[in-house]
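Structure, as structure tokens:
Values in this document were obtained by computation on a predicted structure and should not be read as measured data. Here, residue 1 is the first one in the sequence, and each next residue gets the next number.
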Amino acid sequence: MNSPTTSNPTASAPKPSQNISNFQSLCCYTNHTSHIQIIRLVNKTHTNWQRVIFPGERFLFEPDSESNLELLVNEGISSLVNCQKLLVNLSV
């Protein structure tokens, strides 16, 4: 005998907007060069981290407020990018 399949209308998958709303801000950095770069998050709370980014690679991260991304390239040359310029538009 086949038993009828029942569904629970209250148990549904979360909507994408519910997951996205948990992020305060999301930034994306893409290495558009042909060289390996090291990126370092610099902020006032000293919650620093650094990552190696390969050519063409994209990296998503959640910065603190007023954070900057330091780009370290060949020969120790570095530059700072305000994370506000790297914000991802999360509108659904």
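- Taken to the nearest 0.5 Å, the CD atom of E62 stands 6.5 Å off from the OG atom of S25.
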key: Trace of the side chain to side chain contact (heavy atoms under 4.5 Å, CB included) decision for T30 with C28   = CA-CA 7 Å; T30 304; C28 180; 4.1 Å; yes

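- Taking E57 as the reference, nothing meets the salt bridge (Lys or Arg N to Asp or Glu O under 4.0 Å) condition, with sequence neighbours excluded.
- Pairs engaging residues 27-42 under the salt bridge (Lys or Arg N to Asp or Glu O under 4.0 Å) rule: R40-E70 [sequence neighbours left out].
- The side chain to side chain contact (heavy atoms under 4.5 Å, CB included) check on N31 picks up Y29, T33, Q37, I53, P55, with sequence neighbours excluded.
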Distance-only donor-acceptor pairs under 3.5 Å for side chains of residues 76-90, two or more places apart:
residue: N82; atom: OD1; partner: Q84; partner atom: N; Å: 2.8
residue: N89; atom: OD1; partner: S91; partner atom: N; Å: 3.1
residue: N89; atom: OD1; partner: S91; partner atom: OG; Å: 3.1

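- Taking the side chain as every heavy atom from C-beta outward, L69 and F61 approach each other to under 4.5 Å.
- With rounding to the nearest 0.5 angstrom, the CG atom of N68 is 9.0 Å from the CG atom of N43.
- Grouped with I36 in one hydrophobic cluster are I38, V52, F54, L72, the linkage being side-chain heavy-atom contacts under 4.5 Å among Ile, Leu, Val, Met, Phe, Trp and Tyr residues.
- Residues that satisfy the salt bridge (Lys or Arg N to Asp or Glu O under 4.0 Å) test with R51, not counting sequence neighbours, are absent from this structure.
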